[in-house]
Every structure is written in structure tokens, then in C-alpha cells.
Amino acid sequence: MNASQKTDFDLIVVGAGMAGHSAALEGVRCGGRVLLLEKTARFGGSSRMCGGAFAFAGTQVQKENNIPDSAQLLEEDLLKAGKYRNDSKLVHVYAEKQFEAYEWLQDLGVVFDKVSLSGSQSVPRNHNVDPVAVLESLHEHCLREGVIFRSNAPVVRLLTDGHGEETVVTGVMLDGGERLTSSRGVVLATGGFSRAADLVERFVPHLRNARAMGGYGNTGDGLRMAWALGADLRDMANAKGTFGAPYEAPDQAIEDDVPRLISAMYRGAIVVNKLGRRFVDESISYKNIGDRCLEQPDALAFQVFDQSVMDQSEPLPTVVNFKAALEAGMIKKAASIDELAHELNVDSDALKETIERYNRACHGEQEDEYGRSSLSTGYGKPTPMIKAPFYGYPCTTGLTSTYCGLHTDENARVLNVYDEPINGLYATGEIMGGFHGESYMSGSSLAKGCIFGRIAAQHALASSATRLDRLEI
Ligand SMILES: Cc1cc2nc3c(=O)[nH]c(=O)nc-3n(C[C@H](O)[C@H](O)[C@H](O)COP(=O)(O)OP(=O)(O)OC[C@H]3O[C@@H](n4cnc5c(N)ncnc54)[C@H](O)[C@@H]3O)c2cc1C
């Protein structure tokens with residue numbers, strides 16, 4: 001590129017999910033000319049399909065419910081969930097900036113009026129919202145405030161100038177060869193690689209039988225493009241599946257209208273395999289139940305419960321919307337355990353015996369065979385399964401998200417294998433590695449994408465001279 005040539009944009013953001021929209025909106029608000037590119041026909045990626053839980057601390061709804069939370073406690077929970085193998089600098093940024101992100105989303109019209117407890121949280125801090133509404137609102141703000149958006153625009157390569165340490169990312173090339181340049185950088189927000197069978201095989205082969213879920217465009221494109229420039233990768237071996245995905249994927253036409261995951265075990269369901277036997281303490285993290293499920297015959301499990309659990313169905317969070325799953329035919333209903341076993345094609349005597357043993361443990365007549373003593377991570381008491389009708393949900397482990405990938409610094413700059421920033425290259429959202437460490441605290445992905453997306457745009461647009469001008473090529 002010639003120095004006298006003007007660049008097309010100040011900032012190019014690749015991928016239009018939560019992370020990409022946050023970067024793009026912040027970019028125009030910082031005065032930049034911003035292009036947001038989306039590979040598929042529909043923006044939103046996994047963000048649009050997800051449970052809509054944001055992990056924030058110190059919020060109004062927590063105060064109203066007397067939940068004593070703080071940024072410090074949230075930071076400690078994130079580190080504890082990651083077994084202290086996270087990049088603590090990134091976790092600290094989340095803790096410092098999360099309340100600002102919460103207020104920023106509220107200013108866009110997002111209403112956080114419901115809070116619930118979920119995996120690895122020591123107090124309830126998942127703020128549940130409708131993810132589609134949040135994405136639509138972000139998108140509308142982006143367009144209104146001047147972001148240029150293009151769908152069906154897959155980025156296939158990063159453009160660079162210079163060599164070695166002097167390499168600067170100067171833009172992107174689209175499928176078909178169109179080149180678009182940016183003066184202040186490129187933000188990769190292309191999500192994870194749950195839909196890339198080759199990357200799953202390479203990095204997490206133990207998840208090859210997990211059902212691929214998440215955004216249909218999430219094939220690790222950004223990861224590959226940055227990797228080609230020497231980017232460092234973090235947490236790759238730590239990707240985990242999520243228990244509770246439907247065994248048979250619902251038709252794509254109705255996918256948006258039904259819960260993508262169901263977690264009845266935290267409301268009192270037991271989990272059995274196709275032999276009608278339990279295989280796990282159902283109160284542990286859904287990530288760890290997911291690992292155990294993959295070891296069962298055909299990786300098939302059933303969440304089995306009675307009417308008292310069905311009565312706890314609620315629209316949000318969607319993982320407890322048992323009624324919607326029942327209406328969509330994902331959950332089977334039967335008048336007796338015998339009939340349920342028949343519906344599920346499970347041995348009836350084995351299932352009856354399993355339930356009887358579980359009920360005896362609930363009544364304190366014997367030890368629970370898997371050591372279950374709560375509904376979820378120490379909260380709630382297991383309840384006997386006695387109230388007909390009975391329900392069974394055939395399910396498996398889904399690979400919803402990968403939560404590993406490009407290592408970044410606190411300013412969301414992608415670092416190379418020598419721990420040096422790659423000039424002009426940023427990453428935010430699920431594509432980032434290093435943040436979660438060994439495991440994931442529920443609700444931290446959406447918020448992370450928002451926090452680091454905004455930081456990426458602020459940092460990129462704060463530099464006083466354009467990178468291309470400085471290069472004098
Ligand atoms: C069923 C389910 C439930 C979940 N529940 C929660 C939850 O409640 N809370 C939470 O915090 N997290 C949850 N997660 C995880 C969370 O949704 C994701 O990690 C997060 O939304 C990722 O956001 P993102 O913006 O980084 O990526 P995405 O939202 O996936 O967006 C990435 C976008 O980039 C596009 N793209 C990919 N490659 C290219 C390319 N080459 N060129 C242009 N565009 C490209 C994709 O098409 C996609 O639209 C859930 C995930 C799933 C699947």
C-alpha cells in the first residue's frame with residue numbers, strides 16, 4: 001500500500017456477535033469510521049443463540065434481593081473456577097470494568113431485573129435477559145450511530161505490511177478477494193471453533209462426540225488468521241462440553257424457539273444413562289457432568305424428573321424452561337415410571353430400582369450412591385421423585401463454546417508467541433484464550449466480549465497517528 005493512499009476505514013471488526021457489536025459501537029463513539037463484517041446472512045453468532053446470562057456484581061437487582069456481591073468476590077470466583085490457571089491480569093480487567101459494561105448495556109435499553117445462581121458462582125450473579133433482544137438493540141445502535149455493516153462477508157485473510165517485529169495488520173481480505181484497509185487496526189471477534197471438526201480433533205479430541213452447537217459461522221477463522229501471524233494460543237486443552245444439549249438436534253427452523261440446553265438436574269432431576277443407571281453426582285458443574293456423559297454408551301443420557309420439578313419451569317433462564325421443551329417434543333411425559341422407561345427405551349426394572357434407591361437417599365435412609373447432597377454446588381436439598389406424571393429428557397453433551405484461543409494483553413491486543421503485541425491486531429469475545437483458565441464461570445462470556453470489545457476499540461482509536469502513516473511505506 002502507498003502512504004498517500006487513504007484507508008477505507010479506521011477500524012474493521014470481524015464477526016457480529018456480542019463482542020463484535022460492542023467493539024464496533026464503541027469504535028464509532030470514539031470517532032472512528034468503523035466497518036463490522038459478518039460471515040453469515042444473520043448477525044448474532046452464538047450470542048444470539050445463548051442463554052442470555054451476564055455475570056455482573058454489585059448491581060441494583062442484587063441489592064434488591066440482598067445478595068452480597070462485589071467485584072472482588074467475582075474476581076475470586078473467576079480465578080477459582082479457572083483453578084488459578086487464568087491470566088490474572090485479564091480477570092482483573094473484567095472485575096474492574098464489569099460494572100461499567102453493565103451500565104453501558106443499560107444505557108442501550110437492556111433491562112437487568114432478574115438474577116440467578118449458576119455454575120461456579122458463590123452468590124447468584126447471572127443477570128438473565130433475552131439475548132436476541134440485546135443483540136437487536138446493539139445492532140440498531142450501531143447502524144444509527146454510523147457503523148457500516150455487511151453480512152455474507154466472510155473474512156479469509158488478514159492484510160499486513162512490514163516484516164517480523166515490524167508487521168502491522170492493515171486490513172482484511174474477503175472471500176472472493178475484495179481487500180478492505182483500516183488505519184487503526186482490525187478486531188477479531190469471530191467467536192469460537194465449536195463448528196470446526198478439524199480444530200476440535202486437533203485441540204480437544206475428547207470432545208469429538210459432543211454435539212456441535214453455537215453460531216453456524218464459528219469455525220475458528222479468526223483463530224487461524226492470527227495463528228498464521230504467530231499469535232500465541234492459550235487454554236486450548238481446557239475446552240469443555242456442556243451437559244444438557246438435546247440428543248436429537250431440533251430442526252433448524254424451530255431452533256430459535258426452543259431451549260437449546262436444559263438443566264433440570266439443578267431443580268431435582270436425576271441423570272441416568274441408557275441402561276437406566278445414574279453415573280454422576282448431579283449437583284456438580286454441568287461442564288463436569290458433560291465429561292462423564294461422553295463416557296456413557298452412545299454418549300446418551302436422560303434427565304428424569306417428576307411433576308414437582310416440572311412445576312418449577314420458568315421462561316428465563318431458558319435452561320429451566322421445561323414447559324417449552326415439553327411442548328416442542330424434546331421432553332417425554334408418562335403417567336408412570338414403567339411407561340416412561342418404555343418411552344425412553346430404557347430397561348424399566350433398572351430405572352425403577354435407580355429411582356427407589358435415590359428416593360431412599362433423599363429420605364436419609366441410605367447414602368446417596370454418587371454422594372449427592374444438594375441440588376447444585378451446595379445449594380438446595382435433593383427431593384424424592386414421587387409425584388406423577390414423570391418426565392424424561394434425552395440429552396447429551398454439547399460443544400456450545402470453546403473459550404480458548406488468542407492470548408491478548410489487558411488492552412485486547414493479540415500477543416505473539418514471544419508475548420509481544422502484533423501491531424494493529426485485537427481480539428475479543430470467545431476467541432480470546434487465557435481468561436478462563438481450566439474452567440468457566442457461567443455468564444462470563446457475554447460480559448467478557450462486551451468489556452474487551454470496548455477496550456479494543458478505545459485502544460485502537462486512541463493512538464494519535466495512524467499506523468500506516470507511521471510506517472511510511
Ligand atoms: C446454547 C448456548 C448457551 C450459552 N449461554 C451463555 C450464557 O448464558 N452466558 C454467557 O456468557 N455465555 C453463554 N454462552 C456462550 C456465549 O454465547 C458465547 O461464548 C458468546 O456469545 C460469544 O460471543 P462472541 O461475540 O465472541 O462470538 P459470537 O456471538 O459467536 O459471534 C461471532 C460471529 O463471528 C462470525 N464470524 C466467524 N468467522 C467469521 C469470518 N471469517 N468473517 C466474518 N465473520 C465471522 C460468526 O458468524 C458469528 O456471527 C452460550 C453459548 C451457547 C451456544
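Read the numbers this way: they start at 1 and go in the same order the structure lists the ligands and their atoms.
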Best match, R260, K39, H127, M213: closest heavy atom to atom 36 (N) of ligand 1 = K39
So which heavy atom in the protein is nearest atom 53 (C) of ligand 1, and how far is it from that ligand atom?
-> T400 CB, 3.5 Å
Any Y216 heavy atom less than 4.0 Å to ligand 1 = no
Quick one: do L105 and M18 satisfy side chain to side chain contact (heavy atoms under 4.5 Å, CB included)? Show the steps, please.
-> CA-CA 11 Å; L105 288 163; M18 181 72 208; 3.7 Å; yes
Are the charged groups of K114 and E314 less than 4.0 angstrom apart, N to O?
-> yes
Output every pair passing ring-ring contact (aromatic ring centres under 6.0 Å, His included) with a member in residues 168-215, not counting sequence neighbours, ordered by first then second residue.
-> F203-W227
heavy-atom search around atom 17 (O) of ligand 1 in the protein gives C50 CB, 3.1 Å
Flag V14 as yes when one of its N or O atoms lies below 3.5 Å from any N or O atom of ligand 1, and as no otherwise.
-> no
Minimum-distance protein heavy atom relative to atom 5 (N) of ligand 1 = G51 N, 3.0 Å
Using distance alone, decide if ligand 1 has a nitrogen or oxygen within less than 3.5 Å of any nitrogen or oxygen in L261.
-> no
State yes or no: are the ring centers of Y102 and F112 separated by less than 6.0 Å?
-> yes
Give yes or no for whether the N/O distance cutoff of 3.5 Å, strictly under, is met between D221 and ligand 1.
-> yes
Name the option, out of R195, E38, R157, M432, that contains the heavy atom nearest to atom 48 (C) of ligand 1.
-> E38
Nearest neighbour in protein (non-hydrogen) for atom 26 (O) of ligand 1 | E430 N, 2.9 Å
Applying side-chain hydrogen bond (donor to acceptor under 3.5 Å, both in side chains), name anything that partners R208, two or more places apart in sequence or on another chain.
-> E201
From the candidates A189, G449, G215, the one that places a heavy atom nearest atom 32 (C) of ligand 1 = A189
re atom 51 (C) of ligand 1, the protein heavy-atom contact at minimum distance is S401 OG, 3.6 Å
